[in-house]
Amino acid sequence: MLSGEVAVLVAGTGGVRSALLHRGRLVQGHAAEVAEQVAAVEAEHRPRWVWWSAGDAARPLVEARVHLARAWDVAEAHRLLHGGFEASPALCWAAVHGLARDSVPAPPGDDLFDLVGAEDLPPDDVLVDARGHLRADHLRWLEDPAHLGAWAEAALTVAHRQLAQAEAVSPRLASTVTSESAAALLCLELERDGLPLDRARTEQLVAEAAGPRTVGDVETTAARRARDETVLRHVPGRESTDLRNPAQVKEMLAAVGVDVPTTRKWVLEAYREVHPVVDALLAWRRDERIATTYGYRWLDAHVGPDDRLRGRWTACDGAAGRMTAENGLHNLPAALRPGVAAHPGHVLVRADLGQVEPRVLAVVSGDTAFAAATRADDLYAPVAQRLGSDRAVAKIAVLAAMYGQRSGAAGEALKGLEAAYPVAMGLLERAAASGRRGEPLRTYGGRLVPTGRFLAARPPGTDPQLDAARGRFARNAVIQGSAAELFKAWAATVRASVRELGASVVLCLHDELLVHVPEEAAAEAVRRVDGSLEAAARRWSGGAPVRFVADTSVVRRWSEAKD
DNA sequence: ATTGCTACGTA
DNA sequence: CGTACGTAGCAATG
């Protein structure tokens, strides 16, 4: 991995200085100057770029629209190797040097630093302190551009050591690091490019839920009262109920004969017929969600003058390693999806993975019988046949096995599954057992998933309910986390393969991709999105006999797609 | 001002 | 509700 051409890019903390280290040559200067050199090195050598983190080093390049193909992101590598989300340079450095994480010195300004700090700092030209850690004040130290060369060398040292550690852990881990590193780069591009909206249509959809835009507190309050009135008119004598206060809502419902333990949606759903206020309340909640979270304030804050919705993206969360996004990019209500639309001259290529989690289970477990079922477009059909049951029962059983669900019909159906696919079910049970013991596990790609994280104060074995929760978490994490790795490998491959079409990935949603494509390139983009899945799945699964499928279509609006 | 809870949107 | 995430409002806590 790091045996080929390598270049290092680091950012200073003094203004906008950065540095590029390539073949022993150090170029440093303002980010814009260095960006030019970076582009030249990329064009000529296409190296693997090493940085402490993409957000830190690559952001100016992404903003300057310099495309970089391959990276080793030290922070992402650290998250994979050691689990969790925290991945500061000091922590990454400590981890590859075998130093305990709680021995990492506190930065200046911290109370602890004032106690033990300043006299432990090394001489001004030295990055590493007497105990082998990065100097505690390295952020301030990096304000001096003279230190950027050492900072780049340190990143390279960490990357090489991470590679060695990765290879010792799992044969797939180094490849996962490069894929996750590309995903981190993609996250910066997603932040830069945003999700194209049809602003007028989106405003119209918001208006349908929240009413027209209001000006000033008086009007806003009046609109709010008008929305509340649609519920309160069903409960004469209780018009003063605060609908935003669950306790008051519960009391109001009790007064009309709806006695519920909580006022949650799935509880109230059963009472729609009992009293008209229930239906009105649920409709109000749906509208209130749009009014408060996805209303005009949201539009004004996060949709740019170029009609693109922007938010921060993270390549992996702290649990199993899914991507996350802010500002509604990952939880936009379905009602607003018609507002997500290609801009003039473009279309959206929308692709989502079909039944990705059971297919991932087939790879992770190496269960040949279960893998055979993935040859079908609908894998639940052959599973049902083997179980001698309905498709619906087969589906519930498979999902229950992966999620640890016990309620409903799942329990009975699971028994047949254990007999039919002992290898796959054995893997899930082993994962659950590690979780119950509070032991970490690794995803297929090698990401360490800690399970002791729930209430560290209460160790495994002291609370059966907590142990069961850890077991469910672990059972799910090995699947969800591995699926996230396949997805990111796919997204990174799409990123690379549609670029020359003038297309770009504009949304990643766990098993779904939206690509913004110039109209004339639509058909070719579809081919490349599908081809990328085949290539990414083959690489990720090591050629396992497991089929992955995508439903790929060309649409103007996100809502046009099925489902 | 921060934290915990309830609630709900997405996968 | 099986898991994960982000966001908002309210109540209780400092």
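All heavy atoms count here, side chains included; hydrogens, waters and symmetry mates do not. Quick note on labels: first sequence line is chain A, next is B, and so on, each numbered from 1.
Nucleotide B:dG4 holds its P atom 20 Å from the CG atom of A:Asn245, rounded to whole Å. Here the C1' atom of nucleotide C:dG2 and the CZ atom of A:Arg470 are 18 Å apart, to the nearest Å. Regarding A:His510, its NE2 atom lies at a distance of 16 Å from the P atom of B:dG9, rounded to whole Å. Here B:dT6 presents its P atom at 11 Å from CH2 of A:Trp266, a figure rounded to the nearest Å. Atom pair A:Phe85:CZ and C:dG6:C1' shows a separation of 14 Å (rounding to whole Å applied). Separating the CG atom of A:Asn476 from the P atom of C:dT3 is a distance of 8 Å, rounded to the nearest angstrom. Per the geometry, CG belonging to A:Leu509 stands 12 Å off C1' belonging to C:dA4, to the nearest Å. As a whole-Å value, the separation of A:Arg359 CZ from B:dA11 P is 19 Å.
Put simply, A:Arg472 has a side-chain N or O that comes within less than 4.0 Å of OP1 or OP2 on C:dT3.
When heavy atoms are screened at a 4.0 angstrom cut-off, A:Leu329 is found touching no nucleic acid atom at all.
In terms of position along DNA chain C, the nucleotide closest to A:Arg264 lies nearer the 5' end than the nucleotide closest to the other residue of the pair A:Arg264 and A:Gly328.
Contacts between residues 281-301 of chain A and DNA chain B, counted as heavy-atom distances below 4.0 Å, involve A:Arg285, A:Arg289.
With a 3.5 Å ceiling on both atom-pair distances, the Watson-Crick or G-U wobble partner of C:dT13 is B:dA1.
The side-chain tip of A:Arg472 does not point at the ring of A:Tyr403 from less than 6.0 angstrom away and within 45° of straight on.
Aromatic ring centroids of A:Trp540 and A:Tyr444 lie under 6.0 Å apart.
One can find a donor-acceptor pair under 3.5 Å joining the base of B:dA11 and the side-chain atoms of A:Arg322.
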